[in-house]
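Residue numbers start from 1 in every chain, and the chains themselves are labelled A, B, ... in the order their sequence lines are given, proteins ahead of strands.
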There are 2 protein chains.
Amino acid sequence: MSLQNNHPPLNERSQHLLKVLVERYIRDGQPVGSRTLAEETVLNLSPATIRHVLADLEEHGYLLSPHTSAGRVPTARGYRLFVDGLLTVKPLDDSTVKQCQQQLKPDLNVQGLVSTASNLLSDVTRLTGLVMLPRRDHVTLRHVEFLPLNDNRVLVILVLNEQEVQNRIIYTDRVYSAAELQQAANYLNEVYAGCDVSQLRTQLLQAMQNDREHLNNLMQATVDVASKMFDKPKNSAPDYVMAGQENLLDLADGATGINRLRQLFATFTQKRDILYLLDQCLNAEGIQIFIGEEAGYEVMDECSLVAAPYSVEGKVVGVLGVIGPTRMPYERVISIVDVTAKLLSVALSQKGSDLDLLHDK
Amino acid sequence: MSLQNNHPPLNERSQHLLKVLVERYIRDGQPVGSRTLAEETVLNLSPATIRHVLADLEEHGYLLSPHTSAGRVPTARGYRLFVDGLLTVKPLDDSTVKQCQQQLKPDLNVQGLVSTASNLLSDVTRLTGLVMLPRRDHVTLRHVEFLPLNDNRVLVILVLNEQEVQNRIIYTDRVYSAAELQQAANYLNEVYAGCDVSQLRTQLLQAMQNDREHLNNLMQATVDVASKMFDKPKNSAPDYVMAGQENLLDLADGATGINRLRQLFATFTQKRDILYLLDQCLNAEGIQIFIGEEAGYEVMDECSLVAAPYSVEGKVVGVLGVIGPTRMPYERVISIVDVTAKLLSVALSQKGSDLDLLHDK
DNA sequence: TATTAGCAATCCCCCCGTATGAGTGCTAAA
DNA sequence: TTTAGCACTCATACGGGGGGATTGCTAATA
């Protein structure tokens, strides 16, 4: 990930030319030549001079000529320098921000917020948006309900963090009656409502040891059922949400060909690689940008990922961002990702504060 | 949808040649000429004779020459005749059927079954699979739970049809205490468990009129909350599930171009058109096939949809199928769709029988 | 009448050569 | 250090000429 060697000193002029070249290339996708650059820039230099500079930049690995008589194109390294220091982030216009703000109403459920954010990213950037589902290290049990199915199967309904509902089917060691299950649920709801789920199992076992004399059927049932309750469900939900995959089709022009695109789609359905990339952003502070080959995945060549963590009450709980061609309008995309992350953080935190309101009452 | 005019009488030989031509074209995608056909078929005819027949078929609208010196290609009408009567359905080999059967275990939840079926269709056909979510005209309430949130919002958890859990947030007219909600839930669970949800509201109102003297707070709360309970949620879940969209990329070869593909993707995200097509299959008996332009949607040109309804306990509750290029191996696809529909029906029906088992106990 | 062989005509596709134009690198002058 | 000039490279577009495949037609054949 880190660059092979430090950026060699690059004088102001070279940097400026690189910036203009990258911007131009991002604009219209054609290799940029010295003549164009001479007209584009304010420096009033002749194409010949610019050619010298460009030759330098190419030598240092920032640029690349597709062929002898074409203009030049930024390399991954060139993009890296560009996004790291050269680019001027355009703040998003207020109307768009307002629009986003309106869509991300905190009275949606978590699922709704996440998919709305994903659609938002996709719509505004015209790229592919994706949002990791928020994972909290600290999940509070609010309410639990057991319903007997046939044989030794039990439907468990968990209400977590005030509003999230999860349900799964567990297989118990023996058949429990509806009354037993009801009692077990009542016990859990009375004693453990508000507790952290991750510690619930150990707490239960402790309680069982302390009141060894009271170790009756009720407790047994409770422990049996509750300990199965938090096993990972088989068909666990997807870990992130995507929108706008169709925008990836823009990649299909020119030499990149349809095959790479197919690989990319395959990656998405497999989703392991993507998740790994997203995970790397979890610990980072602000916006993270992965440029093409840097990611290490061959399929991601020609692609970039712009991502930002989002948080609930100050704690980072997830990552969102967009995937698109390396040649994407970073100035816009960065601020869009940034704003969306902040808005989602706000929306989720407001939901969280329901909890406080509730306890105050 | 119906054909413009009846198929004019087509002698055996013409039909056979059309069949062979379509099969061949499906195999390798190249226009088929008279010489190839002469070798392919068993009829021992000279290319010249076959040319006469082909000219006839073309005149009747079954075939089409891309240009003067190319072979011939089936038209939508040609495909129609082919799938309606000519094609010989290949039964699926047992190992594949077994494999499908193993995947569609009835102990998955409905969501799981549907997405597994979708993946199955996509994997086995290498096309895009889609499954409409089962909609039952008859939804039984098993259990309901109310949890107060802040202000006048209530989290409602519904258990329907024994295993399906739905949850949503409703806004009540006034703030209810936890105790009130608990009572209301108890009342509903005791009196209306096992009832049809669609009739629940009217039944409630009736009950309220009968016991007018008992119209206490409890009843008021119950009616207030319960009547809001079944309003359609805003972010309603998607109505069908797709898998294998990446297989659509095969369409992107040659003249069809990337633009049509993009339109197609847009269609999928909008999903209205698709749903309309699927709906048409709901009332049909067996396998339905839509061929390209027949569907009436321009974007669906060059595409076909092979669909079959699936059922629970004999009643049709949904449709599944695959979408792919008009030039697809119908013989295989048809039997795959057929088998998948039957297997899904079986799996869903077995789940349904949990209900009976439960009541027996 | 149905089938077949023969044949000219058509048209796509591939290849090749050429012209064009954009852009480069080099060199020498300012 | 910058610039102008120039030869060179190479992708792209254009056009013409085979080669190949297939057709439709006509006339002969069974």
Side-chain angles (χ1 to χ4, degrees), chain A residues 9-18 20-22 24-25 27-75 78 253-257, chain B residues 9-18 20-22 24-25 27-75 78 253-257:
Chain A
L10 226 49
N11 63 45
E12 192 104 4
R13 196 173 67 181
S14 303
Q15 291 195 18
H16 179 252
L17 281 174
L18 179 60
V20 176
L21 186 146
V22 173
R24 173 76 185 215
Y25 179 69
R27 259 229 331 268
D28 50 42
Q30 299 297 320
V32 185
S34 54
R35 176 197 206 74
T36 318
L37 223 44
E39 292 163 359
E40 194 94 346
T41 188
V42 72
L43 298 179
N44 261 33
L45 291 176
S46 80
T49 314
I50 292 185
R51 277 202 287 280
H52 282 124
V53 181
L54 294 186
D56 259 22
L57 286 171
E58 180 162 0
E59 205 168 324
H60 287 111
Y62 296 110
L63 296 179
L64 180 76
S65 303
H67 57 84
T68 325
S69 76
R72 278 170 172 103
V73 162
T75 61
D253 51 356
T256 47
Chain B
L10 226 49
N11 63 45
E12 192 103 4
R13 195 175 67 182
S14 303
Q15 290 195 18
H16 179 253
L17 281 173
L18 178 59
V20 176
L21 187 146
V22 173
R24 172 76 185 217
Y25 179 69
R27 260 229 330 269
D28 50 41
Q30 298 298 318
V32 185
S34 54
R35 171 195 271 284
T36 317
L37 223 45
E39 292 162 359
E40 194 94 345
T41 187
V42 72
L43 298 179
N44 260 33
L45 291 175
S46 79
T49 315
I50 292 184
R51 277 202 287 281
H52 281 124
V53 181
L54 294 185
D56 259 22
L57 286 171
E58 180 162 1
E59 205 168 325
H60 287 112
Y62 297 110
L63 296 178
L64 182 76
S65 303
H67 59 84
T68 324
S69 77
R72 279 173 172 100
V73 162
T75 61
D253 51 355
T256 47

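- An OP1 or OP2 oxygen of D:dA21 is reached within less than 4.0 angstrom by no side-chain nitrogen or oxygen of B:S69.
- Put simply, the side chain of A:T68 and the base of D:dC10 share no donor and acceptor less than 3.5 Å apart.
- Remark: the B:R51 side chain and the D:dG24 base include a donor-acceptor N/O pair separated by less than 3.5 Å.
- When distances are taken from the side chain of A:L54 to each of D:dG20, C:dG21, C:dT24, the shortest belongs to C:dT24.
- Remark on the helix from C:dT1-D:dA30 to C:dA30-D:dT1: inter-end axis angle 20°, axes from five-pair C1' superpositions, rounded to 10°.
- Heavy atoms of B:S34 sit under 4.0 angstrom from primed sugar atoms or phosphate atoms, though from no base atom.
- Where A:A70 and B:L45 meet DNA chain C, the nucleotide closest to each residue was compared, and B:L45 sits on the side nearer the 5' end.
- Each of D:dT3, D:dT2, D:dC10 was ranked by its minimum atom distance to the side chain of A:R13; first place goes to D:dT2.
- If you check D:dA4, C:dT3, C:dG23 against the side chain of A:A48, the one that comes closest is D:dA4.
- Remark: C1' of C:dG25 and CZ of A:R35 are 17 Å apart, rounded to the nearest angstrom.
- For the pair B:L64 CG and D:dT22 C1', the interatomic distance rounds to 15 Å; values are reported in whole Å.
- The backbone N or O of B:Y62 sits less than 3.5 Å from a side-chain atom of B:T75, completing a donor-acceptor pair.
- The nucleotide whose nearest atom lies closest to any side-chain atom of A:R72 is, among C:dT24, C:dA22, D:dA4, C:dT24.
- Per the geometry, CG belonging to A:D56 stands 14 Å off C1' belonging to D:dT2, to the nearest Å.
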